[in-house]
Each structure stands twice: as structure tokens, then as C-alpha cells.
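Working notes, beginning with the structure itself.
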Amino acid sequence: MKGLKVVTIGGGSSYTPELVEGFIKRYDVLPIRELWLVDIEEGREKLEIVGALAKRMVQKANVPIEIHLSYDRKKALEGADFVTTQIRVGLLAARAIDEKIPLDHGMLGQETNGAGGMFKAFRTIPVILEITKEMKELCPDAWLINFSNPAGIVTEAILRHGAIKKTVGLCNVPIHMEKRMATLFEADSSRFWMKFAGLNHMVYAINAYLDGVDVMKQIPTKMEEMKDSEAMKIQNVAAVDYEPEFLRALGVLPCYYHTYYYRQDEQLAKILKQHKEGTTRALEVKKIEDELFELYKDENLQIKPPQLEKRGGAYYSDAACNLIESIYNDKRDIQTVNTINNGAIYGIEHESAIEVSSVITKSGPMPLNIGKLPVQVHGLVIQMKSFERMVVEASVEGDIEKAILALSINPLTPSDKLAKEVTMKLLDAHKKYLPQFFK
Ligand code: G6P
């Protein structure tokens, strides 16, 4: 059996031990020979720490995966079978700015939604497109699996402008929702699954099957009964108790990022209050990361520490490793991924990225046919897709007017005037990472 070469760009991320754990668990079905963890010079300290932990983990597990650390992306990419990207351009300091500036203007400051998400996309898209060019030259048959946020917009950019098209965008939200809902029915994954459709961080569970019977209608009542339980908590998005009438009438289950849209006032007020008290999620994450890296340094640590679960990305490695395993083994199971629409959801352009339950094959994800989204959710999804398309166009063309337009049409933006103000401030603050707008 030929061993695989996997390259993880942004290898110094605190999530890497989870990925390594996932690869170790699946070694028998996913024989990785080389795992290359790649980072930039600014990430050297983190990469050295995480890389040393990764080496201890494979040693303890006694699997023959070679861990390579590299600062030379091109060298690492040569002959790769799978490339995963988990980059944060501008590091956490840039996320802190993405969250702060909109909040200073009374708008949501969040990593993937609204102005913050737009600027994370602006910083990420040029780097990812450059990686696709390098892949075309150095490993043209490899799959690019992207986890960098905002995963849906980044997938849209690769599908439309990337030098390679074999790409899948990945998020932990669907798998997380499915696991949480399964606990409501005290069922394991062999008995329970949900069919998802929509966009990244704007995805809905359309059906929920327990032993083959659609139990979606029971979910609002069950959620109401279980609302205070630990199993229902999300690490990075404040809980909201929707009105049961709303959920019942909606008929599908929104993801937890929908709370920023369907409970805009309450979610914004909570985040603004924290901001006034001097906290944002980026600052919290910085503290969690510092603690994690202290733990990772411990030479006796040979497993992924449970503290990593304080991050919002729980189950991310499950999602990533399941996906790679299914592509590699042509498993044809169903997973929810960001991929090309190709007509699966009616009303969205064929070339656009959607997040959708798909059969995972050696030739990539084959979306389940969704057809028309229920009319009560169709409009919001289409509006968000217009926003995403504008963000990609603005970024690729380096067009500031389009950037302002994109933010103006985002449902979280109260006015074109504020959109302009916040966009101009963020452009200025992130100038160093946004060469496309300052040619
Ligand atoms: C979620 C999202 C991810 C995101 C993460 C943020 O689960 O799906 O896209 O990266 O949470 O978590 P953090 O701990 O960084 O706030």
C-alpha cells in the first residue's frame, strides 16, 4: 500500500493536535506516510511547539507517520496527495481588529459574520489563491481541503478563481449540530442523521432521521426541554432560546450562527456589553491559546489535551479526517461539505459554493439533490450568497467600492453609511495584509 503525503498549511495552529489525533486513529484505513506541517516565520514558535507534540503523539501511538516541519511551502507541497489549509492571515491580532472596529460602530464584530467575516475573507483569499497556483505546479492531482474561515466564501473564491478546482471547504458546524441533536434522542450515529443544505454558517438541517423516520418536527419541543443541559452548549456562540412557535413554523433547524440574524438585537447586545467590559471572543481565544501552548510545551504531554475543547472548532478533526478518509477510500458515505452547487440547490448559480450533505467519492463530493429550499429560508440564503459573491469579486478585483457594496447588502448592516465607515476603517487597519486594495 502506497503511503500518503498530507501537507497542512498553518500547521502551527492550536487545532493541529486534534488533526494528528484523527490521523492516528484512522491509520489502518488512511495510511499517511508523511505529514508536513507548514507555517510562516511569524508562526515559528507555535509550529515548533505543536510539531514536537505531534511527534510525541505518533511515537506514543506507535504509528509510522513521519512528521516534517517546514517554512518552505513549495518544498512541502511537492507530490502531496492532500493539502489542508488552516491559515489565519495576520494571526489573532487581526481577528481582534475585525471584531473591535465594527463593535466600536455598534455593529456585530464576529470572526465569520458581517464586517469581520468579510475582512477575514479579504486577507485569506489572495493567499489561498496563491496556494492553488503552487499546487497546480507541484501537486496538480492533490485535493485542497480548506478549513480557513470564512470557509464558504473561500470555497467560492477557489471555485471561481483558483488554479485548481479539486477543493472542499470544511466546517465543524453540521457535524456538531448532528451530534447535539442525536443526544436529544439518546441515539448514536448509527441511528441518527440529518440532511443539511444552505451556506457555510448559514446552513439548515432540512431533515432529521431517527431509525429512518423523519423526526424534525419533534426537535423544537425536545430543544425546549433540554435547553439548560450541558450537551446543548456551544463554546463560541451565546445560546439563544428561540420561540418554539418560530422553530416549529420554520420547519427546518437553523445552525447556531443563525442566531446573529434571527436574534440580531439580543446577540448584538450581548457582544457589545462584553466589548464595553473589555472582552471579545478574539481576546478570549488568545488566552485559551496561550494556555494551550503552555500545555503543549510539556514534554510529558503525548495526547491532545481536553482544554482544546474550549475552542469553537470541536469535532473539526473528525470532519476533516472523515472527509480525507472517504475520498481516499472512495467510501461513498454522506458528509456535509462546502462544494460546487451544480444544480443541487435551486436558485443558486451552478458555479457557486454551497454547504450541503454530499456523497463523498474518490472524485469528490456529490451533493444530494436538495431542489427548492423551503420558501421561508430561501430568501435569506440567496441574499447571503449575493453578499458572498460580492466579497469575492471585491477581493479578486481589489475594488473598494464593491467592498463597501458587499457590506451594505449584508443583512447585519444597518446602513450604507455605516458600511462605508467601517469598511474604510478596517481597510486602513489591515492595510499590510490587503495588497489587492492598495495597488
Ligand atoms: C465554530 C466554527 C468555526 C470557527 C470556530 C471558532 O465552530 O464553525 O468556523 O473557527 O467555531 O471558534 P473560536 O474558538 O476560534 O471562537
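For the single chain, residues carry numbers from 1 onward in sequence order. Just so you know, these numbers use all the heavy atoms, side chains as well, and skip hydrogens, waters and symmetry mates. Everything quoted here is computed from the prediction, not taken from an experiment. Note that ligands are numbered from 1 as they come in the structure, with each ligand's atoms numbered from 1 the same way.
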Which N or O atoms of ligand 1 sit under 3.5 Å from a protein N or O, and how far apart is each pair?
residue, atom, partner, partner atom, Å
ligand 1, 7 (O), Asn172, OD1, 2.9
ligand 1, 7 (O), Asn172, ND2, 2.9
ligand 1, 7 (O), Gly312, O, 2.5
ligand 1, 8 (O), Asn172, OD1, 2.5
ligand 1, 8 (O), His201, NE2, 3.0
ligand 1, 9 (O), Asn149, OD1, 3.2
ligand 1, 9 (O), Asn149, ND2, 2.9
ligand 1, 9 (O), His201, NE2, 3.3
ligand 1, 10 (O), Asn149, ND2, 2.9
ligand 1, 11 (O), Asn236, ND2, 2.9
ligand 1, 11 (O), Tyr257, OH, 3.4
ligand 1, 11 (O), Gly312, O, 3.4
ligand 1, 12 (O), Asn236, ND2, 3.4
ligand 1, 12 (O), Gly312, N, 3.2
ligand 1, 14 (O), Arg281, NH2, 2.6
ligand 1, 14 (O), Arg311, NE, 2.9
ligand 1, 14 (O), Gly312, N, 2.7
ligand 1, 15 (O), Arg95, NH1, 2.8
ligand 1, 15 (O), Arg311, NE, 3.4
ligand 1, 15 (O), Arg311, NH2, 2.7
ligand 1, 16 (O), Arg95, NH2, 2.8
ligand 1, 16 (O), Arg281, NE, 2.7

With a 4.5 Å heavy-atom cut-off, do Arg88 and Arg123 have their side chains touching?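 A side-chain contact is absent here, since even the closest heavy-atom pair is not under 4.5 Å.
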Under the salt bridge (charged side-chain N to carboxylate O under 4.0 Å, His left out) test, which residues partner Arg180, sequence neighbours left out?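 Expected list: none.
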Please report the C-alpha distance between Glu99 and Arg281 in whole Å, then the side-chain angles of each, then the deciding distance to 0.1 Å, and finally whether the salt bridge (Lys or Arg N to Asp or Glu O under 4.0 Å) criterion is met. CA-CA 8 Å; Glu99 295 182 357; Arg281 179 67 187 164; over 6 Å; no
From CA spacing to verdict: salt bridge (Lys or Arg N to Asp or Glu O under 4.0 Å), Glu284, Lys287: CA-CA 5 Å; Glu284 273 173 22; Lys287 279 192 205 134; over 6 Å; no
Can we call the ring centroids of Phe437 and Phe122 under 6.0 Å apart?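 Centroid distance Phe437-Phe122: below 6.0 Å, so yes.
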Considering only NZ, NE, NH1 and NH2 on the basic side and carboxylate oxygens on the acidic side, decide whether Lys385 and Glu156 come within less than 4.0 Å.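 Yes.
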